[in-house]
Amino acid sequence: MATSNFVYSQVTHPDEIRTLTLYPGSENDKLEGSIKHIQLPPSISPTTSFSADTRQQNTRVFRNTRRLLDIFEAHSHQSVESEDFGGDIWRWKLFESSKQSRRRSIGGRQFLVEEPVLGFDCNRIEYARESYDALSYTWGDLQKTHEIAVDDQTLGITRNLYMALMKLRSPTEPRCLWIDAICIDQGNVQERNHQVQMMKRIFSTASSVIVWLGDAEGSVRDTLEMILKCNWSGGKKNLFNYPKEALQGLGELFKRPWWKRIWIIQEVVAAKEIVVLLGDTIFPWKMLVDLCRAIQVAEFLLHPMASMIRSCGYQKFTVLDHFRRNKSMPLVRFVHCTQDYQATDSRDKLYALLGMASDVTPDDIIPDYTKPVQEVFLDLVRFMVTNRYDLDIISSGRLIISNPTAPSWLPDWRGLNTLRPLNSEEVGGHFYRASGNTHAVVDMTEFPSSLTAEGWMVDAIDFFDDTVTLTHASPSVIQRWQSIAKANVDITMMSLFWRTIVMDKDHLGNQASVSFGRTFDDFVNSSDKTRSRLVQHFSDAVTRAILGRRFFITKRGRMGLGPPEIQPNDHIAILKGCHVPLVLRETGDHMIVVGEAYVSALMNGELVSELTEGRYGLNTIKLK
């Protein structure tokens, strides 16, 4: 019986971690376990890294034209056990355990259909010496309202972790686990700094990573059954053959907090094998891959439930799986891609990404939880500017009225900036290069109160649309913008209007093709109910681009989309080493960063030769 509060024994070796052995028990038994220290094997450099030549896989969406009676698939011809086996660590299988008769009514006719009752088994192989599984979960409420007995001492844990351990605990076998809240002495800042540096090694060394997504309650219980069935080789692939509750549960599942936790990216990327724990059921990550493929097939079908599955948020999974397949990318790209992810400690918005960055070594930026949050991100700007001659990090800075003491060019680590950064595509997406291959030239003498950068003032905002910033594509508003543009820009620039409202990217983040733009007229002249799949893709691209932004015209007759805080006479600048144009506002002897902007005919290096050849005067711009 636990008699005192748990006291950690010191971690002394650089490669040393603790693991928890979770003792077996039944539902009513107290959680019990023991801690042991192990040494990680030497780290191995990743074989897969970011490459500019990598191209994002285009999702192929097929129109399903199944005939009415195709739902009566020949289940009776399936063998008792299918070939759906998998996993080196977690051995699982799907099989037909029995059959049941169901009465179905189609077109007024009654049919008696035999349907299979699905069986599913998933068991872990025996642990090898010093092997362990790593748990990926959310802390949730930080109050330690529950306990686990560790080596006859009491250790407080959060409710969500308690629930995960209760579901994960085997009734007969011990589990060997690495869990941050238990295996790291969270009160020891020096140890925490050290262990965070090892996080990628911890998860890549783990035999498997177990993702805890919470209980399978309400509609999510039906969704879980659908996940298993649609992954079975003899199962129904058409999602609309499943109960409405199962489709409703998709939205509930993908809205759970785990999907937006910043640390999950590294945990998923590093994992050798991933399984998902949902309620009492453990199933492989592969099943979510197959589920999302089925959603992509069904989301544009002419079916009353299509909009429900289309808006369920499954993209959170596909983005995460994309990170997993591509492994790493430059640090600033990671920071931009993950700006809307959340962290209990704001410093983790950077520290959680270091292990995956392709252009940063472990010695370049060392986690330090003794530093104030703002200092951590000031150090990031200093490092990128002085060591990488790169100013892209300041492009996600934005005038924050609620925090006037922070420099306008400092990224908002709190995630309050609702604008998706322009260069926030995952590997393979279209990447803007307004400044070409120039390198940042910055005077850091007065840093961090200000930084002085070389660049060009290329234009200024003349006026902007007075509409409140939009949250979705509205054809009527786009039509008004088109009328404004026709009255203020020449016919050559007007040909770029459709590219401006999608920021020259399609719905997947790839550079928009000419054929993609051909659906513009259909988009502005159609309603939601009459749109084809291609028009809906264009609508998605518009929504993706205009979300939270204002349409504007510049004094040189260019069109653009910028932050809502823009004002007439704000400058459009291209800074050396910063790949997107910035909106700057003159204030006394310095400029402040209002935000980044998409500006037609500027984004892909169109002006680079004119800039470097002197047509635009080179300025030294002091930013505060």
Side-chain angles (χ1 to χ4, degrees), residues 8-22 33-48 88-90 124 127-139 150 155 157 161 164-165 168 175-212 258 261-277 285 320 323-324 327-328 334 343-345 347-348 350-357 360-363 365-369:
Y8 285 92
S9 56
Q10 191 173 357
V11 172
T12 57
H13 194 278
D15 296 324
E16 186 179 343
I17 66 169
R18 303 182 187 92
T19 60
L20 169 73
T21 300
L22 180 64
S34 62
I35 290 285
K36 71 175 180 179
H37 291 232
I38 66 171
Q39 191 169 318
L40 295 179
S43 59
I44 300 174
S45 300
T47 56
T48 307
D88 294 326
I89 302 301
W90 295 88
R124 198 198 187 284
Y127 286 91
R129 183 174 178 271
E130 295 198 343
S131 67
Y132 62 92
D133 302 312
L135 183 65
S136 176
Y137 70 108
T138 56
W139 280 40
V150 180
L155 181 63
I157 57 176
L161 178 53
L165 293 177
L168 187 55
R175 301 273 198 217
C176 297
L177 304 168
W178 184 90
I179 303 167
D180 57 357
I182 293 177
C183 299
I184 299 176
D185 182 357
Q186 298 293 328
N188 184 332
V189 176
Q190 183 179 0
E191 178 182 310
R192 191 175 165 202
N193 290 343
H194 171 255
Q195 295 280 298
V196 165
Q197 287 181 266
M198 299 173 64
M199 205 65 74
K200 183 179 180 181
R201 287 180 64 193
I202 291 170
F203 275 83
S204 61
T205 303
S207 300
S208 74
V209 171
I210 304 168
V211 173
W212 164 242
W258 183 85
R261 176 176 165 265
I262 190 72
W263 279 105
I264 68 171
I265 300 170
Q266 183 166 262
E267 293 164 3
V268 166
V269 167
K272 297 174 184 174
E273 183 175 324
I274 310 180
V275 290
V276 177
L277 175 61
W285 182 260
L320 195 56
F323 283 137
R324 175 167 171 75
K327 300 298 183 186
S328 70
F334 256 128
T344 304
D345 188 317
R347 288 164 287 209
D348 288 337
L350 171 62
Y351 294 160
L353 305 173
L354 295 177
M356 298 173 291
V360 175
T361 70
D363 296 327
I365 300 175
I366 299 174
D368 185 352
Y369 286 94

Could you tell me whether Gln10 atom CD has more than 12 heavy atoms of other residues or ligands within 6.0 Å of it?
no
Looking at every non-hydrogen atom in both residues, tell me the closest pair between Ile38 and Thr19 and how far apart they are.
CD1-CG2, 3.7 Å
Do Leu353 and Val360 come within less than 4.5 Å of each other through their side chains, counting heavy atoms only?
no
Counting neighbours of CD on Gln186 that are heavy atoms of other residues, nucleotides or ligands and sit closer than 6.0 Å, is the number greater than 12?
yes
Regarding Asp185 and Arg18, does a basic nitrogen lie under 4.0 Å from an acidic carboxylate oxygen?
no
Out of the candidates Ile365, Thr361, Ile366, Val196, only one should pair with Leu354 under the side chain to side chain contact (heavy atoms under 4.5 Å, CB included) rule; please name it.
Ile365
Please check this pair: side chain of Gln39 against backbone of Pro14, looking for a donor-acceptor N/O pair closer than 3.5 Å.
no
Looking only at non-hydrogen atoms, find the nearest pair between Arg324 and Lys272 and report the distance.
NH2-O, 3.6 Å
Can you confirm whether the side chains of Trp263 and Ser136 place a donor and an acceptor under 3.5 Å from each other?
no
Rounded to the nearest 0.5 Å, how far apart are CG of Leu135 and CD1 of Ile179?
5.0 Å
Under 3.5 Å side-chain donor-acceptor pair for Asn193 and Tyr351:
no
Applying the ring-ring contact (aromatic ring centres under 6.0 Å, His included) test to Trp178, which of Tyr137, Phe203, Tyr132 qualifies?
Phe203
CG/Leu20 to CD1/Ile35 distance, rounded to the nearest 0.5 angstrom?
5.0 Å
Non-hydrogen atoms of Glu191 and Cys183 that approach each other most closely:
OE2-O, 4.3 Å
Return the minimal non-hydrogen interatomic distance between Ser207 and Ser131, and the atom names on each side.
OG-CB, 3.5 Å
For the atom pair CG (Leu22) and OG (Ser34), what is the distance rounded to the nearest 0.5 Å?
9.5 Å
Carefully, step by step, assess Asp15 and Arg201 under the rule salt bridge (Lys or Arg N to Asp or Glu O under 4.0 Å).
CA-CA 9 Å; Asp15 296 324; Arg201 287 180 64 193; 2.9 Å; yes
What I want to find out is whether Glu130 reaches Lys36 closely enough, with some N-O distance under 4.0 Å, to be called a salt bridge.
no
Distance under 6.0 Å and angle within 45° of the ring axis: does Arg124 meet both against Tyr127?
yes
As an exercise, state the distance from CD of Gln266 to CG of Asp348, rounded to the nearest 0.5 Å.
10.5 Å
Check whether any side-chain heavy atom of Ile157 lies under 4.5 Å from a side-chain heavy atom of Leu165, and answer yes or no.
yes
How far does CG of Leu177 sit from CD1 of Ile182, to the nearest 0.5 angstrom?
8.0 Å
Find out whether Trp258 and Val211 are in side-chain contact, i.e. whether some heavy atom of one side chain is under 4.5 Å from a heavy atom of the other.
yes
Applying ring pair (Phe, Tyr, Trp, His ring centres under 6.0 Å), name anything that partners Phe334, two or more places apart in sequence or on another chain.
Phe323
Listed partners of Asp345 passing salt bridge (Lys or Arg N to Asp or Glu O under 4.0 Å), at least two apart:
Arg192, Arg347
Any donor-acceptor N/O pair, Gln195 side chain to Glu16 backbone, under 3.5 Å
yes
Would you say Ser208 and Asp133 are linked by a side-chain donor-acceptor pair, where the criterion is simply a distance under 3.5 Å?
yes
Apply the test side-chain contact (heavy atoms from CB on, under 4.5 Å) to residues Thr21 and Arg175: give CA-CA distance (whole Å), side-chain angles for both, the deciding distance (0.1 Å), then the verdict.
CA-CA 6 Å; Thr21 300; Arg175 301 273 198 217; over 6 Å; no
Determine whether His37 and Ile17 make a side-chain contact, defined as any pair of heavy atoms from C-beta on separated by less than 4.5 Å.
no
Can you name the nearest heavy-atom pair linking Ile184 to Met199, along with the distance?
CD1-CE, 4.4 Å
